[in-house]
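One structure is given below, encoded as structure tokens.
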Amino acid sequence: QVQLVESGGGLVQAGASLRLSCAASGRAFSTYTMGWFRQAPGKEREFVATMAWNIGSTLYVDSVKGRFTISRDNTKNMVYLQMNSLKPEDTAVYFCAAAARGGTVTTTRMYDYWGQGTQVTVSS
């Protein structure tokens, strides 16, 4: 069992940066693939970024490549999403997720545990 708690969301202007954090509790965190997803009002939850358990592989949705960076600290059971050059279209609730499988994972149904989400609002 893994519990996930996100933090770091907020209201910012376009062009600003935010760093989201996800604190994980439970055993064997370092063996889970971790991901960030987001859901805007009236839209389906979409993949944003993922990092494999061994920190060797990452994947990003095209719309955030070059602006967002996923990272993890397995010694602290933490996952981060550094978001730079934010745009109004990045506005959404951001969710942290954990998958008990190897490699990078981009689909929601492949994730086993989810946090409650943190709101990110980017004004123009």
Side-chain angles (χ1 to χ4, degrees):
Q1 189 78 8
V2 175
Q3 292 80 42
L4 304 171
V5 179
E6 304 95 335
S7 62
L11 171 62
V12 296
Q13 291 189 329
S17 298
L18 279 176
R19 187 195 196 201
L20 304 184
S21 298
C22 174
S25 61
R27 296 183 294 179
F29 166 79
S30 62
T31 66
Y32 285 81
T33 285
M34 299 301 296
W36 286 96
F37 289 75
R38 64 187 180 187
Q39 189 166 16
K43 295 187 177 181
E44 293 188 352
R45 192 169 298 188
E46 69 165 349
F47 163 75
V48 176
T50 180
M51 174 174 274
W53 69 272
N54 61 356
I55 312 183
S57 300
T58 58
L59 282 176
Y60 298 89
V61 66
D62 286 347
S63 59
V64 308
K65 285 180 180 178
R67 300 188 299 122
F68 291 12
T69 302
I70 186 172
S71 62
R72 65 190 292 170
D73 186 340
N74 287 340
T75 66
K76 297 180 179 179
N77 283 15
M78 294 292 296
V79 181
Y80 306 98
L81 186 68
Q82 178 66 43
M83 305 186 296
N84 300 328
S85 302
L86 282 162
K87 304 176 181 180
E89 50 264 44
D90 294 319
T91 295
V93 177
Y94 283 71
F95 297 89
C96 175
R101 62 192 73 245
T104 51
V105 182
T106 63
T107 54
T108 56
R109 63 180 178 83
M110 299 295 281
Y111 280 84
D112 303 287
Y113 304 103
W114 292 85
Q116 293 300 306
T118 185
Q119 176 70 48
V120 172
T121 304
V122 184
S123 63
S124 57

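Of the inter-residue distances, the one linking T108 atom OG1 with Q39 atom CD reads 9.5 Å to the nearest 0.5 angstrom. Here the CG-SG distance, from N77 to C22, works out to 10.0 Å after rounding to the nearest 0.5 Å. The CG atom of N74 lies 9.0 Å from the CH2 atom of W53; values are rounded to the nearest 0.5 Å. Rounded to the nearest 0.5 angstrom, T33 OG1 and M51 CE are separated by 10.5 Å. The line from CG of L20 to CD of Q82 is 9.0 Å long, rounded to the nearest 0.5 Å.
Criterion: ILVMFWY side-chain heavy atoms under 4.5 Å apart, direct or through other members. Under it, M78 and M34 are not part of a common hydrophobic cluster.
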Donor-acceptor list for residues 4-17 side chains, cut-off 3.5 Å, not counting sequence neighbours:
| unit_1 | atom_1 | unit_2 | atom_2 | d |
| --- | --- | --- | --- | --- |
| E6 | OE1 | Q116 | N | 3.1 |
| E6 | OE1 | G117 | N | 2.9 |
| E6 | OE2 | C96 | N | 2.8 |
| E6 | OE2 | G117 | N | 3.2 |
| S17 | OG | N84 | OD1 | 2.9 |

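The minimum heavy-atom distance between T69 and Y60, with the atom names listed, is CA-OH, 3.4 Å. Pairing each heavy atom of G115 with each of F95, the nearest pair is O-CD2, 3.6 Å. Smallest separation of non-hydrogen atoms from T106 and L59: CG2-CD1, 3.9 Å. Contact detail for A100 and D112: the closest heavy-atom pair is N-OD2, 2.7 Å. Contact record, A99 with M110: CB-O, 3.6 Å, taken as the closest heavy-atom pair. Scanning both residues, Q119 and V93, for their nearest heavy atoms gives OE1-CG2, 3.2 Å.
Remark: R101 fails to qualify as a cation-pi partner of Y111 under the 6.0 Å distance and 45° angle criteria applied to the six-membered ring. The side-chain tip of R72 does not point at the ring of Y80 from less than 6.0 angstrom away and within 45° of straight on.
Residues meeting the salt bridge (charged side-chain N to carboxylate O under 4.0 Å, His left out) test with E89, sequence neighbours left out: none. By the ring pair (Phe, Tyr, Trp, His ring centres under 6.0 Å) test, F47 is found to be paired with F37, residues two or more places apart in sequence or in another chain being considered.
Each of T118, D90, T91 was compared with R38 under the side-chain hydrogen bond (donor to acceptor under 3.5 Å, both in side chains) criterion, and only D90 meets it.
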CA sep, side-chain torsions, deciding dist, call: T104, T58, side chain to side chain contact (heavy atoms under 4.5 Å, CB included):
CA-CA 6 Å; T104 51; T58 58; 5.6 Å; no

Could you walk me through whether W114 and R45 satisfy the side chain to side chain contact (heavy atoms under 4.5 Å, CB included) test, starting with their C-alpha distance in whole Å, then the side-chain angles of each, then the deciding distance to 0.1 Å, before giving a yes or no?
CA-CA 12 Å; W114 292 85; R45 192 169 298 188; 3.3 Å; yes

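Looking at F68 and L86, their side chains come closer than 4.5 Å, going by heavy atoms from C-beta outward. In this structure the side chain of M83 never reaches within 4.5 angstrom of the side chain of W36, judged on heavy atoms. Side-chain contact between V120 and L18 is present, with at least one heavy-atom pair separated by less than 4.5 Å.
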